Amino acid sequence: MRLAAAARLWGPPGLLLTFALHPALCLRPGRTAAPPHRDYCVLGAGPAGLQMAYFLQRAGRDYAVFERAPRPGSFFARYPRHRRLISINKRHTGKANAEFNLRHDWNSLLSHDPQLLFRHYSRAYFPDAGDMVRYLGDFADRLRLRVLYNTTIAHVTLDKDRQAWNGHYFILTDQTGQAHRCSVLLVATGLWVPNQVDFPGSEHVEGYESVSVDPRDFEGQNVLILGRGNSAFETAENILGVTNFIHMLSRSRVRLSWATHYVGDLRAINNGLLDTYQLKSLDGLLESDLTDLAVVKDHEGKFRITLKFFLEESNQSADAITLPQDDNDNFAMRVAYDRVIRCLGWKFDFSIFNKSLRLSSSGEFSKKYPLVKASYESKGSRGLFVLGTASHSVDYRKSAGGFIHGFRYTVRAVHRLLEHRHHRVPWPSTEHPISQLTNSIVRRVNEASGLYQMFSVLADIILLKENATAFEYLEEFPMQMLAQLETITGRKAQHGLFVINMEYGRNFSGPDKDVFFYDRSVGHTEDAWQSNFLHPVIYYYRHLPTEQEVRFRPADWALPRPTAIHHIVEDFLTDWTAPVGHILPLRRFLENCLDTDLRSFYAESCFLFALTHQKLPPFCQQGYLRMQGLMGTESLRRHGIESGLLRDYATVGRPREDGGQRPVGSSPAPGLPVQPLDGNKEEL
């Protein structure tokens with residue numbers, strides 16, 4: 001009887017029950033169960049959160065994404081309000097190189113699946129926001145990313161623990177009170193809290209997030225828009241043809257993206273109001289600090305603009321309040337408005353983060369963005385990284401880090417940093433013989449999308465080996481972390497390094513710049529340093545710069561002053577492959593830095609060098625002596641001789657059949673060596 005009971009208890013069903021109850025049975029009185037633990041917690045299933053989830057999943061890491069909405073990309077389900085994105089979807093470039101094509105695809109995330117390119121989701125150059133929602137949903141589903149939907153994280157705090165990776169755990173509490181513990185917190189919640197300015201009468205102002213998008217609601221109305229960015233101009237563009245007039249008010253002048261070279265400034269697709277303003281068709285732009293103004297509603301329900309100090313001096317009714325036009329009868333905003341709309345952009349939601357995380361400070365800029373280092377790690381909490389749009393403080397108004405086509409690469413950089421810090425996986429690199437140095441640089445500057453989009457933020461690093469016989473190539477490293485390169489990457493920089501960056505001319509970008517002046521482009525190699533448009537710049541350092549050198553670099557320099565610097569002249573086609581204009585000056589710069597010959601040679605030339613020189617060029621050392629040199633064909637040999645570049649020693653002085661001497665330039669016997677006529681000429 002007892003044996004039968006024991007069998008029932010410890011048989012498969014009973015054993016299963018025992019294991020299920022084990023955690024509860026082992027709890028000591030007064031103690032609660034530890035929250036579920038994950039190595040990585042990602043907040044937000046927008047583009048940045050999904051991009052990080054992809055990299056974590058590919059690396060086989062323990063992670064989860066927390067998303068408050070029932071599907072990814074909830075921001076794009078609502079914004080932009082008028083549904084047209086300003087991120088370009090260039091489906092055709094004339095090239096089949098996938099990496100190059102990403103330079104002009106501003107919507108796709110990085111993955112191994114060619115079907116997850118945005119060009120498969122929309123044919124429009126400026127796509128509909130609904131297509132982005134559909135794309136992000138497919139990205140999460142096809143790649144089977146681990147996303148916990150309908151999970152709102154209401155509070156984040158720290159739990160100090162010496163055994164944790166960073167000396168503490170992050171405790172996330174969701175809307176049900178369930179706690180989640182993680183070693184690394186990756187915040188990808190974006191900017192979604194509307195910016196508001198508190199001034200008298202601000203309660204009469206409608207917000208971009210809630211104002212009607214039906215143009216019929218604005219028929220025959222006078223409209224005042226507060227703001228000067230793309231959301232303000234997007235709103236104006238939608239109602240431009242139905243209003244009496246639109247006035248736009250902001251404290252700063254309009255910034256045009258084609259003048260500033262910053263994609264977050266006003267894009268041409270939204271700037272119809274600039275035409276009607278400058279062509280005097282009633283609409284207009286005005287500059288004033290919003291905090292100095294007040295909005296007063298009169299007895300007709302119209303809105304009047306006055307100055308705050310007029311309001312503070314008077315306790316009278318709205319109709320008796322002093323207006324600026326009472327003293328100045330040509331005051332620009334003396335008309336009454338039917339609608340006042342606020343379009344002032346967004347800021348980060350700090351409300352869920354405990355003060356112990358120190359994500360913000362009292363500074364004005366830190367009220368919009370979290371405080372992060374150039375590595376995208378929080379300045380206040382080790383192990384907390386900010387991704388995507390919310391990390392844009394690193395390159396605000398400088399590069400594209402606040403947009404998908406930029407932060408897909410900064411997210412990858414953060415993942416590579418984490419792989420080395422916590423899993424001892426060095427930053428990916430490739431090693432090549434020094435003879436391949438020129439080719440490696442030329443290939444990257446002509447196809448790499450991360451360098452191209454995150455110019456002056458992410459750079460390629462070339463680490464030289466001892467005696468410059470070989471090099472290690474690292475892609476897309478955060479430039480401002482150069483002093484910590486060895487710690488972050490696990491690679492050594494003991495014998496010098498090159499940094500490959502993309503830059504605009506220093507005096508070519510700005511809201512007040514004329515970027516269409518007649519001599520705006522540079523075409524001569526000797527003037528390459530004056531190039532205005534985006535172009536490659538190569539920095540050479542004999543030693544890794546220190547943190548102090550990076551911090552106190554010259555004004556407007558992307559990096560500390562190098563040992564040597566080389567600008568590859570700008571190119572109208574952004575195609576830096578011209579043998580004389582681009583490649584030859586680059587190769588000679590590299591040769592001067594390394595004090596070596598980086599040319600490629602045919603096997604015959606290497607043979608002659610071996611007979612006549614004590615030291616062979618690197619190409620011959622690494623190729624010919626290992627039986628890997630290039631063999632010249634008879635047609636190439638004949639072309640070189642006939643063009644006068646090569647001398648045919650095999651036939652010089654050899655008697656001809658008619659008894660005479662064979663002249664220089666005659667065809668040699670197949671397989672015999674030739675050498676250049678002029679030692680200074682380039683090898684074929």
Side-chain angles (χ1 to χ4, degrees), residues 46-47 73-88 106-107 126-130 132-133 189-197 199 202 204-215 217-218 221 223-243 246-258 260 262-277 283-288 290 337 339-349 367-369 388-390 392 396-397 400-406 511:
S74 58
F75 182 87
F76 292 100
R78 183 174 177 81
Y79 304 108
R81 294 295 312 285
H82 304 90
R83 311 312 291 148
R84 183 168 59 180
L85 300 174
I86 58 174
S87 49
I88 65 173
W106 291 11
N107 299 286
F126 293 105
D128 186 272
M132 176 59 72
V133 174
T189 53
L191 307 179
W192 61 272
V193 178
N195 278 319
Q196 300 191 39
V197 177
F199 56 82
S202 58
H204 301 308
V205 175
E206 301 174 81
Y208 170 79
E209 66 279 5
S210 58
V211 70
S212 171
V213 295
D214 186 349
D217 292 339
F218 298 86
Q221 292 187 352
V223 177
L224 175 64
I225 297 178
L226 307 180
R228 191 59 58 82
N230 278 294
S231 62
F233 278 90
E234 167 206 334
T235 302
E237 195 78 16
N238 183 54
I239 60 177
L240 196 59
V242 299
T243 56
I246 301 172
H247 290 168
M248 191 174 287
L249 179 66
S250 177
R251 66 182 176 183
S252 60
R253 61 168 293 169
V254 66
R255 295 173 177 267
L256 301 168
S257 62
W258 42 259
T260 62
Y262 171 61
V263 297
D265 284 332
L266 178 60
R267 303 290 299 285
I269 189 175
N270 285 329
N271 68 11
L273 186 72
L274 297 184
D275 263 4
T276 56
Y277 168 48
D283 305 309
L285 274 64
L286 296 159
E287 286 79 37
S288 178
L290 300 182
Y337 296 98
R339 312 280 283 266
V340 182
I341 306 171
R342 168 183 41 78
C343 301
L344 299 174
W346 316 95
K347 62 182 179 181
F348 184 76
D349 180 16
K367 293 179 181 178
K368 181 179 178 69
Y369 293 106
T389 303
H392 196 27
Y396 184 63
R397 293 198 182 281
F403 310 90
I404 292 175
H405 61 290

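Given the structure is predicted, the values throughout are model-derived calculations rather than measurements. The first residue in the sequence is number 1, and the count goes up from there.
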_Run the side chain to side chain contact (heavy atoms under 4.5 Å, CB included) test on Tyr337 and Ile225 for me, step by step, so that the C-alpha distance in whole Å, both residues' side-chain angles and the decisive distance to 0.1 Å come before the verdict._
CA-CA 10 Å; Tyr337 296 98; Ile225 297 178; over 6 Å; no
*Check the pair Arg228 / Glu287 against salt bridge (charged side-chain N to carboxylate O under 4.0 Å, His left out), numbers first and verdict last.*
CA-CA 10 Å; Arg228 191 59 58 82; Glu287 286 79 37; 2.9 Å; yes
*asked:* I'd like to know whether Asn270 forms a side chain to side chain contact (heavy atoms under 4.5 Å, CB included) with Arg84, so could you lay out the CA-CA distance, the side-chain angles of the two residues, the decisive distance to 0.1 Å, and finally the verdict.
replied: CA-CA 10 Å; Asn270 285 329; Arg84 183 168 59 180; 4.2 Å; yes
*Run the numbers on Val213 and Arg83 for side chain to side chain contact (heavy atoms under 4.5 Å, CB included), then give the verdict.*
CA-CA 10 Å; Val213 295; Arg83 311 312 291 148; over 6 Å; no
*In sequence, state the C-alpha distance, the side-chain angles, and the governing distance for Ile404 and Trp106, and then conclude on side chain to side chain contact (heavy atoms under 4.5 Å, CB included).*
CA-CA 6 Å; Ile404 292 175; Trp106 291 11; over 6 Å; no
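Across all their heavy atoms, Met248 and Gly227 have their closest contact at CG-O, 3.0 Å. The nearest pair of heavy atoms linking Asn271 to Ala268 is OD1-O, 2.9 Å. The two atoms that bring Phe76 and Pro47 nearest to each other are CE1-CG, 3.8 Å, heavy atoms only. The shortest non-hydrogen separation linking Gly272 to Leu240 is C-CD2, 4.0 Å. Taking each heavy atom of Gly190 and Ala390 in turn, the nearest pair found is O-CB, 4.0 Å.
Considering CG of Leu290 and OG of Ser250, their distance stands at 6.5 Å, rounded to 0.5 Å. We find the CZ-OG distance between Arg342 and Ser202 to be 9.0 Å, quoted to the nearest 0.5 Å. With rounding to the nearest 0.5 Å, the separation of CG in Leu266 from CG in Leu274 is 5.5 Å. Here Leu285 contributes atom CG and Leu249 contributes atom CG; the two are 9.5 Å apart, rounded to the nearest 0.5 Å.
A cation-pi arrangement, defined by a distance under 6.0 Å to the six-membered ring centre and an angle within 45 degrees of its axis, is present between Arg339 and Phe218.
Under the 3.5 Å distance criterion, the side-chain polar atoms of Asp349 are left unmatched by any main-chain donor or acceptor of Trp192. For Thr389 (side chain) and Leu191 (main-chain N/O), no donor-acceptor pair under 3.5 Å exists by modelled atom type. With hydrogens and angles disregarded, a donor-acceptor distance shorter than 3.5 Å links the side chain of Arg78 to the backbone of Glu209.
Checked for salt-bridge contact, Arg267 and Glu234 miss the test: no charged N lies under 4.0 Å from a carboxylate O.
Asp265 and Ser257 share no donor-acceptor pair across their side chains, judged by distance under 3.5 Å alone.
For Tyr79 and Trp346, the gap between ring centers is short of 6.0 Å. Annotation: Phe233 is not in aromatic contact with His82 [ring centroid separation under 6.0 Å not met].
Contact check for Val254 versus Pro511: no side-chain heavy atoms found under the 4.5 Å cut-off. A heavy-atom distance below 4.5 Å is found between the side chains of Ile86 and Asn230. At least one side-chain heavy atom of Val211 sits less than 4.5 Å from a side-chain heavy atom of Arg81. Side chains of Asn195 and Lys368 form a contact here, defined as non-hydrogen atoms less than 4.5 Å apart. Proximity of Ile246 to Leu273: side-chain heavy atoms (C-beta onward) are separated by under 4.5 Å at one or more points. Between His392 and Phe403 the shortest side-chain heavy-atom distance falls below 4.5 Å. Inter-residue side-chain proximity for Ile341 and Cys343 is flagged as met; some heavy-atom pair is nearer than 4.5 Å. In this structure, the side chains of Val263 and Trp258 stay at 4.5 Å or more apart for every pair of heavy atoms.
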